[in-house]
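Chain A is the first sequence line, chain B the second, and so forth, proteins listed ahead of strands; every chain is numbered from 1. Heavy atoms only: backbone and side chains are in, while hydrogens, waters and symmetry mates are out. Fair warning: this is a prediction, and the values are worked out from it, not measured in the lab.
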2 protein chains.
Amino acid sequence: MNDKNIPDIVIGRLPVYLRSLQRMEQEGRQVTSSQELGERLGISAAQIRKDLSQFGEFGKQGTGYNIEYLSNQLLEILHIDRTWDVVIVGAGDIGSALATYNGFSHRGFRVVGIFDNDPDKVGDKVGDYVVANTSDIEEQIQANNIQVAMLAVPAGNAQAVASELIDAGVRAILNYAPVSLNVPPDVRVQYIDPAIHLQRMTYYLD
Amino acid sequence: MNDKNIPDIVIGRLPVYLRSLQRMEQEGRQVTSSQELGERLGISAAQIRKDLSQFGEFGKQGTGYNIEYLSNQLLEILHIDRTWDVVIVGAGDIGSALATYNGFSHRGFRVVGIFDNDPDKVGDKVGDYVVANTSDIEEQIQANNIQVAMLAVPAGNAQAVASELIDAGVRAILNYAPVSLNVPPDVRVQYIDPAIHLQRMTYYLD
DNA sequence: TAGATTGTTAATCGATTAACAATC
DNA sequence: TAGATTGTTAATCGATTAACAATC
């Protein structure tokens with residue numbers, strides 16, 4: 001019922017809608033409209049209505065969308081009406097910052113472990129975690145049915161580690177390593193590389 | 001000559017091409033083809049050729065692209081044939097990780113300062129920097145003609161800080177705060193929010 | 001009822017791909 | 001020359017927008 005092949009670009013906007021709705025909820029707001037949401041986000045109202053209409057009819061003519069209701073619907077659609085266990089691979093600066101980041105727990109994710117292959121780091125404390133050896137990661141992933149990983153290893157190791165994670169059962173990778181990954185079609189990858197994002201903007205500067 | 005209104009989505013791919021080319025260069029390679037590059041990146045060869053053709057003719061029929069030459073062309077196109085000074089606003093976990101990240105210097109950027117409005121943090125050492133007071137940032141931006149900022153403040157402050165930065169002269173913002181920013185049309189924003197990226201992938205999991 | 005806003009259709013706009021002549 | 005690969009055109013595909021009947 002859900003799936004009639006929604007474009008990925010639509011899926012990519014839903015978390016942004018959700019984030020904005022949750023903020024409105026915090027502000028004590030009850031109702032919003034596609035127009036208001038669009039103005040906040042810099043997206044056309046028509047696009048927001050079109051995106052949402054892919055999944056159902058969540059609004060009311062004349063009044064708009066109930067914020068709490070729509071938030072809950074988006075949580076369900078995005079499968080974050082549950083908590084996903086996540087592993088971090090790489091206990092360098094980036095991995096450590098991710099391990100101590102407190103923005104995940106409210107938003108559907110729980111970090112359950114951080115791994116590194118450097119014997120000097122294994123056993124170190126990072127936030128609430130003790131760095132474990134990467135050689136133990138497959139076991140952990142399988143024992144806890146973990147499908148989501150954040151990858152923060154050096155570029156040279158990233159493909160090999162990603163492949164191991166995938167073999168062990170991971171299906172979604174947030175990749176901080178500055179390299180493109182080759183993965184099977186049923187595995188999702190998102191890329192975060194601050195230099196890439198900056199380079200995309202300097203084109204417009206002079 | 002450069003500008004005949006290139007789609008932003010094309011601009012977004014160029015840094016990815018560049019990163020891959022630079023890696024090939026490191027591997028000692030001299031020449032590549034749109035096909036090889038496409039396989040590495042999971043992009044069609046036709047698209048790569050089309051993208052590049054927006055800016056000139058960089059290849060040779062029968063042989064492909066000289067890696068060093070094409071890299072240099074992309075550096076020029078993206079305006080990273082120079083170094084951009086960048087400020088970090090927010091000296092929390094994310095700002096601190098950015099300040100100690102060593103991936104910027106090779107790729108066209110130099111962090112010149114980190115700022116926070118928390119008196120407890122001002123004066124602290126973070127990597128090679130001493131945290132300065134956010135109230136001094138406008139002066140710094142103007143004195144050094146800084147056009148690029150990374151924003152790592154709490155969501156509630158982000159819009160206000162962004163507006164100040166823009167007033168002071170910033171034209172490109174890499175925003176780590178989990179909130180959409182409203183900016184004038186001549187200012188570029190890129191968003192990094194790990195939770196958003198993860199939520200975009202869980203849709204496909206079950 | 002009058003005003004507002006949805007969900008949806010059709011039109012427009014833009015991006016990707018396939019194909020191939022040119023040529024190294 | 002034969003083989004490979006570019007740059008580009010035209011065709012296809014997909015996404016966005018404008019408009020409006022439905023209706024709260």
Side-chain angles (χ1 to χ4, degrees), chain A residues 1-17 20-21 24 29-71 73-74 77 180 185 200 203, chain B residues 1-17 20-21 24 29-71 73-74 77 180 185 200 203:
Chain A
M1 190 97 286
N2 197 341
D3 275 320
K4 53 169 169 131
N5 249 58
I6 313 291
D8 180 64
I9 195 162
V10 172
I11 303 302
R13 283 189 291 261
L14 298 186
V16 179
Y17 300 164
S20 199
L21 290 165
M24 289 180 186
R29 305 279 314 285
Q30 310 270 341
V31 172
T32 187
S33 65
S34 58
Q35 184 169 104
E36 185 193 33
L37 205 45
E39 276 166 17
R40 287 214 186 197
L41 300 175
I43 291 178
S44 81
Q47 180 159 87
I48 291 171
R49 293 202 301 279
K50 188 107 211 290
D51 286 352
L52 296 176
S53 75
Q54 305 259 23
F55 301 95
E57 308 192 354
F58 305 124
K60 245 199 204 105
Q61 286 103 325
T63 60
Y65 300 92
N66 178 290
I67 292 172
E68 191 189 346
Y69 176 72
L70 183 54
S71 292
Q73 292 297 310
L74 289 174
I77 291 165
S180 297
R200 183 182 183 153
Y203 170 79
Chain B
M1 189 97 291
N2 198 341
D3 273 319
K4 52 166 166 139
N5 248 59
I6 313 292
D8 180 63
I9 195 161
V10 173
I11 303 302
R13 283 190 292 261
L14 299 186
V16 179
Y17 299 164
S20 199
L21 290 165
M24 289 181 187
R29 305 280 313 285
Q30 309 270 342
V31 172
T32 187
S33 66
S34 59
Q35 185 169 103
E36 185 192 35
L37 204 46
E39 276 165 20
R40 288 214 186 198
L41 300 176
I43 290 177
S44 80
Q47 179 158 86
I48 291 172
R49 293 202 301 278
K50 189 108 211 288
D51 286 353
L52 296 176
S53 76
Q54 305 258 23
F55 301 95
E57 308 192 353
F58 305 123
K60 244 200 205 102
Q61 286 101 322
T63 60
Y65 300 93
N66 178 289
I67 292 172
E68 191 188 348
Y69 176 72
L70 182 54
S71 292
Q73 293 296 309
L74 287 175
I77 291 165
S180 297
R200 183 182 183 153
Y203 171 79

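Residues passing the salt bridge (charged side-chain N to carboxylate O under 4.0 Å, His left out) test with A/Arg200 are B/Asp8, sequence neighbours excluded. For the salt bridge (charged side-chain N to carboxylate O under 4.0 Å, His left out) test, residues two or more places apart in sequence or in another chain that qualify with A/Arg40 are A/Glu27.
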A/Glu68/A/Arg29 under salt bridge (charged side-chain N to carboxylate O under 4.0 Å, His left out): CA gap, chis, key distance, verdict: CA-CA 9 Å; A/Glu68 191 189 346; A/Arg29 305 279 314 285; over 6 Å; no
Full working for side chain to side chain contact (heavy atoms under 4.5 Å, CB included) between A/Leu37 and A/Leu21: CA-CA 8 Å; A/Leu37 205 45; A/Leu21 290 165; 4.3 Å; yes
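Contact record, A/Ile48 with A/Ser34: CD1-O, 3.7 Å, taken as the closest heavy-atom pair. Residue A/Ile77 comes nearest to A/Leu14 through the heavy atom pair CG2-CD1, 3.9 Å, listed as atom of the first residue, atom of the second, then distance. Between A/Val10 and A/Phe55, the closest heavy-atom pair is CG1-CE1, 4.2 Å. Shortest non-hydrogen contact noted between B/Val31 and B/Thr63 is CG1-O, 3.4 Å.
Other residues, nucleotides and ligands contribute more than 12 heavy atoms inside 6.0 Å of the CD atom of A/Gln47.
Read 5' to 3', the first and last nucleotides of DNA chain C with an atom closer than 4.0 Å to a heavy atom of chain A are C/dA4 to C/dT9.
Mapped onto DNA chain D by nearest heavy atom, A/Val10 and A/Gln61 fall at different nucleotides, with A/Val10 at the one closer to the 5' end. For the pair B/Gln35 and B/Lys50, both in contact range of DNA chain D, the more 5′-proximal nearest nucleotide belongs to B/Gln35.
Pairs engaging residues 42-66 of chain A under the salt bridge (charged side-chain N to carboxylate O under 4.0 Å, His left out) rule: A/Arg13-A/Asp51 [sequence neighbours left out].
Residues of residues 40-47 of chain B that place a heavy atom closer than 4.0 Å to DNA chain D do not occur.
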Structure string for DNA chain C in dot-bracket form, Watson-Crick and G-U at under 3.5 Å, | interchain: ..||||||||||||||||||||||
